[in-house]
Chemist: 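Supplied in structure tokens, the structure appears directly below.
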There are 2 protein chains.
Amino acid sequence: MARTPRNTLSAELIVRTALELMEAKGTEQFSLRGVAAELGVGPMALYTYFRNKDELYDAVRDHLMGLLPDVPRDVPWPDQVRAVCGSLRVLMLQHPCLAQLLASRPLAGHETARVAEGLLGVLRSAGFDPETAARTHTTLFTYVLGAVTWEIQMAAERRDPEAWRRLRTTMESLSAREFPTVVELAPELARTTGGDEQFDYGLDLLLAGLRTPS
Amino acid sequence: MARTPRNTLSAELIVRTALELMEAKGTEQFSLRGVAAELGVGPMALYTYFRNKDELYDAVRDHLMGLLPDVPRDVPWPDQVRAVCGSLRVLMLQHPCLAQLLASRPLAGHETARVAEGLLGVLRSAGFDPETAARTHTTLFTYVLGAVTWEIQMAAERRDPEAWRRLRTTMESLSAREFPTVVELAPELARTTGGDEQFDYGLDLLLAGLRTPS
DNA sequence: CGCCGTACTATACACTGTACGTTAGGAGCA
DNA sequence: TGCTCCTAACGTACAGTGTATAGTACGGCG
């Protein structure tokens, strides 16, 4: 009979389903039981492929990192850096769960190493010494992580009418005497939060600080 | 009798207890029921002061932001920026839960506004126009958020022997043919992850990109 | 005194991750 | 063909979560 058919599951299928659910219902609402139900399977079936929830998270993160394109060749190295950081940002915006996965688990896995290899290769080829290349790699990565995390956060806030209204009213309740600059710059702060321009502004600051060695 | 004494609770007491538990047992293990138990009170008692868990998170975040010192005066503005970012970093390292609180909830609240006022004031006084000041503020904030989030993450990884061993072995299992640069720079990557130097390196890159207007 | 609002309790529900023990399908071999 | 073993998936169970709902007792007010 068709009950308990073997080999209907696989690590890849579980990862894809998990990713779907994370994007559909948000990382907070995501649960192993939800994945199992979606697959028409008992909750414990997943433990054949992953030792626990964190291991599934790792697999999802690495799967997402695998979607990043390779570094473009035949353009100046600053544009290569911009391409790497930009495509990571786009991927994080398309899959908001990636931001949380990157922030709460170490960088490990094959695809993650591939991405690091790309950026580190660019920096080494540009002439940076090993230590500077490593430092710059970490700086760029953490900048993207923070900037896009914040961007996602603010976008979510804007989407939720309740939260957005609350944010506006608390903003407006701030005393102009106590916080003159915040009140004065409120429009700019609201306008410049998120978006390509804000991201590029910070990235260009970093690149402007970098000088090609000798 | 002493049962059900009134007014033993207060929002402030709950926030302080919540903060203690978050630091003692980690943000993941933190629970409302744990706070209630610590206070010797039923779980629902907290709902008199906070509508839900997220509101308590907000209160804890604002409480922590209140610990930040004011911006030092009578030093050049780049040093003022360094001071603001540096003390935010120190606070996040002392209270790791702050990183997660900042990453997952909007900036709202009195103390949070105070901090924003400080940094924005520095930038405006330095002569930046409103839009540039706002963009720079966001850039600096998100850099600190990403950099310290990553620093905390890696420090936690190092502390957990199991995770650290796993990270090292997966690192070593990477093919030197497929990922030559990662393998070559592994020592530098391990050494430059976290620490004052790494943080200052990125912050100085940003400051170097900033030019005092006119 | 009597009343009421407020601070707290008790109970309950739906849900989580996962430890443990069981069962059944297919592969390999006699 | 029949037997055995391995393992994928199952079912049950447990300790824990946030919070909705309803109830209770205290303190201050008329």
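We name chains A, B, ... by the order of the sequence lines, and we start the count at 1 in each one.
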Chemist: Could a donor-acceptor pair under 3.5 angstrom be found where the side chain of B/R33 meets the base of D/dT19?
Modeler: yes
Chemist: B/L39 CG to C/dA7 C1': how many Å, rounded?
Modeler: 14 Å
Chemist: Look at the side chain of A/E117 and the backbone N and O of A/A113, then say whether any donor-acceptor pair between them is shorter than 3.5 Å.
Modeler: no
Chemist: So if I take residues 11-29 of chain B and measure heavy-atom distances to DNA chain D, which residues fall below 4.0 Å?
Modeler: none
Chemist: Just how far, in rounded Å, is P of C/dA7 from CZ of B/F50?
Modeler: 13 Å
Chemist: Say whether A/T139 and B/Y143, considering side chains only, have a donor N or O and an acceptor N or O under 3.5 Å apart.
Modeler: no
Chemist: Any luck finding a side-chain donor-acceptor pair between A/H63 and A/E111 under 3.5 Å?
Modeler: no
Chemist: Under 3.5 Å, is there a donor-acceptor pair between the B/T17 and B/E38 side chains?
Modeler: no
Chemist: Once you round it to whole Å, what is the distance between P of C/dG17 and CD of A/E55?
Modeler: 15 Å
Chemist: Starting at the 5' end of DNA chain C, which residue's closest nucleotide do you reach first, B/M44 or A/Y47?
Modeler: B/M44
Chemist: Between A/Y57 (OH) and C/dT16 (C1'), how many Å, whole number?
Modeler: 11 Å
Chemist: Are OP1 or OP2 of D/dT17 and a side-chain N or O of B/S31 less than 4.0 angstrom apart?
Modeler: yes
Chemist: Tell me the interatomic distance from B/K53, atom NZ, to C/dC15, atom P, rounded to whole angstroms.
Modeler: 18 Å
Chemist: Tell me whether the OP1 or OP2 atom of C/dC8 has a side-chain N or O from B/Y49 closer than 4.0 Å.
Modeler: yes
Chemist: Can you tell me the distance, in whole Å, between the CG atom of B/L46 and the P atom of D/dA20?
Modeler: 13 Å
Chemist: Any ion pair linking A/R16 and A/E12 (charged N to carboxylate O, less than 4.0 Å)?
Modeler: yes
Chemist: For a quick check of understanding: with a heavy-atom distance under 4.0 Å over all strands, which category does B/A45 fall into, base, sugar-phosphate or nothing?
Modeler: base
Chemist: Can you measure A/L32 atom CG to D/dT17 atom P for me and round it to whole angstrom units?
Modeler: 18 Å
Chemist: Using modelled atom types and a 3.5 Å cut-off, is there a donor and acceptor pairing between side-chain atoms of A/Q198 and backbone atoms of B/R135?
Modeler: yes
Chemist: So which nucleotide from C/dT9, C/dT18, D/dA8 ends up closest to the side chain of B/V41?
Modeler: C/dT9
Chemist: Ring-plane angle category for A/Y57 and A/F30, please: parallel below 30°, perpendicular beyond 60°, tilted otherwise.
Modeler: tilted
